[in-house]
Engineer: 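Have a look at this one.
Keep in mind that this is a model prediction, so the values were computed, not measured. Residue numbers begin at 1 in each chain, while the letters A, B, ... track the order of the sequences.
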Amino acid sequence: MPELPEVETVRLGLERGVAGRTIASVDVGHPRSVRRHTAGAGDFAGRLAGRTVLSAQRRGKYLWLPLDSGDALTGHLGMSGQLLVVPADSPLQKHLHVRLRFTDEGRELRFVDQRTFGGLLVVPGGEPVPPLLAHIARDPLDPDFDDEQFVERVRRRRTGLKRALLDQTLVSGIGNIYADETLWRAQLHGERATDRLSRPAVRRVLGHAREVLLEAVAAGGTSFDALYVSTDGVSGLFERSLNAYGREGEPCPRCGAPVRRESFMNRSSFSCPRCQPRPR
DNA sequence: AGTGACGCCTGGGAGC
DNA sequence: TGCTCCCAGGCGTCAC
């Protein structure tokens, strides 16, 4: 469930917790967590030891730490990944897969991941973005996000609006939760055809997405359980602000109709049957 | 090239 | 009580 607000909360924690520090050693406990590092866990650890972390960056739901070697430690939290900055003697988490210790012997960085959809890898380049992430679009909170280009690209697509919002090559950072919240605010059904939306309608959708993401960042993200937490292990508070997602049967906060749940792409979509009628 | 389906994972909860 | 089944869903890969 980590989407932009959750990943941004983690990025801030990494900026505060590990930027400027030098990595001493790396332990990979679960090879699956570094499966995208094709040269293997040994190479992964070797490229990190002795390197200094320059900063913490994010593109969409990807994070990376540029290193003084010119490489970048890159990560994706997937469904259940956590990057924790914790005292070196704190108890080992059940699904702890990667540990990074620092030369100052202070707090260490731990990658914990129950479902192992997430992972870490070291890639060349980090400025402005590692080539690995070149296909990921900017997010709506990025000052360089091009609103009009987005509007044109969406209207050229022949797909449903929710699919477009979830397409990280069109706009990044939005997942199932914030897509549903954006559509609820825009009062549009996710299956509305993108090529039949007017330019102002797409602009309004983008505006709602930006507002939802901004409010969620301010709340420290959304947490349903202990799976999503900040680098300090703290849960986000946005869950209480959700209007549609996860609220099947509860009254729509706008019109009172019971929120409906529909199956979509092997997952669930939540919407108001009255405010967001299905197209045609 | 754009579009959409599929598989990867584990723990918690429902149902029997 | 213990078993089975279902659900959560981002993204790389692949087929059309």
Side-chain angles (χ1 to χ4, degrees), chain A residues 1-8 10-11 29-38 58-64 74-83 93-98 111-121 123 129-137 139 149-150 152-183 190-196 209 213 216 221-229 235-236 238-239 242 244-249 261-271:
Chain A
M1 304 187 220
E3 302 180 32
L4 184 155
E6 295 75 33
V7 180
E8 176 61 15
V10 172
R11 189 198 69 77
H30 195 323
R32 181 168 158 81
S33 291
V34 295
R35 66 193 179 283
R36 292 187 67 190
H37 191 94
T38 49
R58 180 184 59 75
R59 169 65 64 95
K61 305 172 196 171
Y62 277 93
L63 291 161
W64 73 96
T74 306
H76 197 291
L77 302 178
M79 283 292 297
S80 56
Q82 303 173 357
L83 281 166
Q93 290 77 6
K94 182 170 180 192
H95 300 287
L96 172 60
H97 300 322
V98 182
F111 182 69
V112 177
D113 192 6
Q114 177 198 108
R115 294 176 198 161
T116 67
F117 277 28
L120 303 177
L121 73 164
V123 296
V129 58
L132 176 82
L133 308 183
H135 65 294
I136 305 292
D139 67 67
Q149 184 194 52
F150 172 76
E152 295 310 315
R153 289 186 69 197
V154 166
R155 296 179 73 247
R156 276 199 302 268
R157 284 289 174 106
R158 299 179 59 84
T159 188
L161 179 55
K162 183 166 177 180
R163 280 191 144 87
L165 289 175
L166 294 173
D167 185 340
Q168 305 297 301
T169 68
L170 272 179
V171 55
S172 69
I174 301 174
N176 203 36
I177 298 173
Y178 298 113
D180 278 2
E181 291 302 302
T182 297
L183 292 166
E191 288 181 24
R192 290 289 293 264
T194 50
D195 57 351
R196 292 194 206 147
L213 294 171
T222 302
S223 303
F224 295 101
D225 50 37
L227 277 188
Y228 163 71
V229 290
S235 293
F238 195 69
E239 196 268 344
L242 298 176
Y245 183 87
R247 303 234 180 273
E248 182 183 17
R261 171 181 172 175
E262 294 171 296
S263 188
F264 168 79
M265 291 169 77
N266 284 330
R267 62 204 66 178
S268 293
S269 287
F270 299 89
S271 59

Engineer: Which atoms form the tightest heavy-atom contact between A:D113 and A:S80, and what is the distance?
Structural biologist: OD1-OG, 2.6 Å
Engineer: Quick one: are A:P130 and A:Y62 in side-chain contact, heavy atoms under 4.5 Å?
Structural biologist: no
Engineer: Could you tell me from which nucleotide to which nucleotide of DNA chain B, 5' to 3', there is an atom under 4.0 Å from chain A heavy atoms?
Structural biologist: B:dT3 to B:dG11
Engineer: Please report the distance, rounded to the nearest Å, between CZ in A:R267 and P in C:dC7.
Structural biologist: 13 Å
Engineer: Using whole Å, report how far CZ of A:F264 lies from P of C:dG10.
Structural biologist: 10 Å
Engineer: Grab the CE-P distance between A:M79 and C:dC7 for me, whole Å please.
Structural biologist: 14 Å
Engineer: Can you measure A:L4 atom CG to C:dG10 atom P for me and round it to whole angstrom units?
Structural biologist: 13 Å
Engineer: Only counting residues at least two apart or in another chain, list the ones meeting side-chain contact (heavy atoms from CB on, under 4.5 Å) with A:R32.
Structural biologist: A:H30, A:R35, A:T116, A:F117
Engineer: Not counting sequence neighbours, which residues clear salt bridge (charged side-chain N to carboxylate O under 4.0 Å, His left out) with A:R267? List them please.
Structural biologist: none
Engineer: For A:D113 and C:dG10, what is the distance between atoms CG and P respectively, to the nearest whole Å?
Structural biologist: 14 Å
Engineer: Applying side chain to side chain donor-acceptor pair (under 3.5 Å), can you list everything that pairs with A:K61, at least two apart in sequence or on another chain?
Structural biologist: none
Engineer: For A:R35, answer base if it contacts any base atom (sugar-phosphate contacts may also be present), sugar-phosphate if it contacts only those atoms, and nothing otherwise; contact means non-hydrogen atoms under 4.0 Å.
Structural biologist: nothing
Engineer: Using the test side chain to side chain donor-acceptor pair (under 3.5 Å), find all partners of A:R196 that sit at least two apart in sequence or belong to another chain.
Structural biologist: none
Engineer: Using a heavy-atom cut-off of under 4.0 Å over every strand shown, decide if A:H30 touches base, sugar-phosphate, or nothing.
Structural biologist: nothing
Engineer: Choose from C:dC11, C:dG12, C:dA8 the nucleotide whose nearest atom is closest to any side-chain atom of A:R261.
Structural biologist: C:dA8
Engineer: State which residues pass side-chain contact (heavy atoms from CB on, under 4.5 Å) with A:Q93; sequence neighbours excluded, sorted by chain then number.
Structural biologist: A:L84, A:L96, A:R110, A:V112
Engineer: Where along residues 156-173 of chain A does a heavy atom fall under 4.0 Å from DNA chain B?
Structural biologist: A:R157, A:R158, A:T159, A:R163
Engineer: Starting at NE2 of A:H76 and ending at C1' of C:dG12, how long is that distance when rounded to a whole Å?
Structural biologist: 11 Å
Engineer: Just jot down the ring pair (Phe, Tyr, Trp, His ring centres under 6.0 Å) partners of A:F111, sequence neighbours excluded, or say none.
Structural biologist: none
Engineer: What integer distance in Å separates A:R32:CZ from C:dC11:C1'?
Structural biologist: 12 Å
Engineer: Are any of A:S80's side-chain N or O atoms less than 4.0 Å away from OP1 or OP2 of C:dA8?
Structural biologist: no
Engineer: Between the opening five pairs and the closing five pairs of the helix from B:dG2-C:dC16 to B:dC16-C:dG2, how far apart are the helix axes, to 10°?
Structural biologist: 50°
Engineer: What residues, two or more places apart in sequence or in another chain, satisfy side-chain contact (heavy atoms from CB on, under 4.5 Å) together with A:R155?
Structural biologist: A:V151, A:E152, A:R199, A:V202
Engineer: Under the side chain to side chain donor-acceptor pair (under 3.5 Å) rule, collect the residues that match up with A:S263, sequence neighbours excluded.
Structural biologist: none
Engineer: Please name all residues satisfying side-chain contact (heavy atoms from CB on, under 4.5 Å) with A:S172, sequence neighbours left out, ordered by chain then number.
Structural biologist: A:I136, A:D139, A:Q168
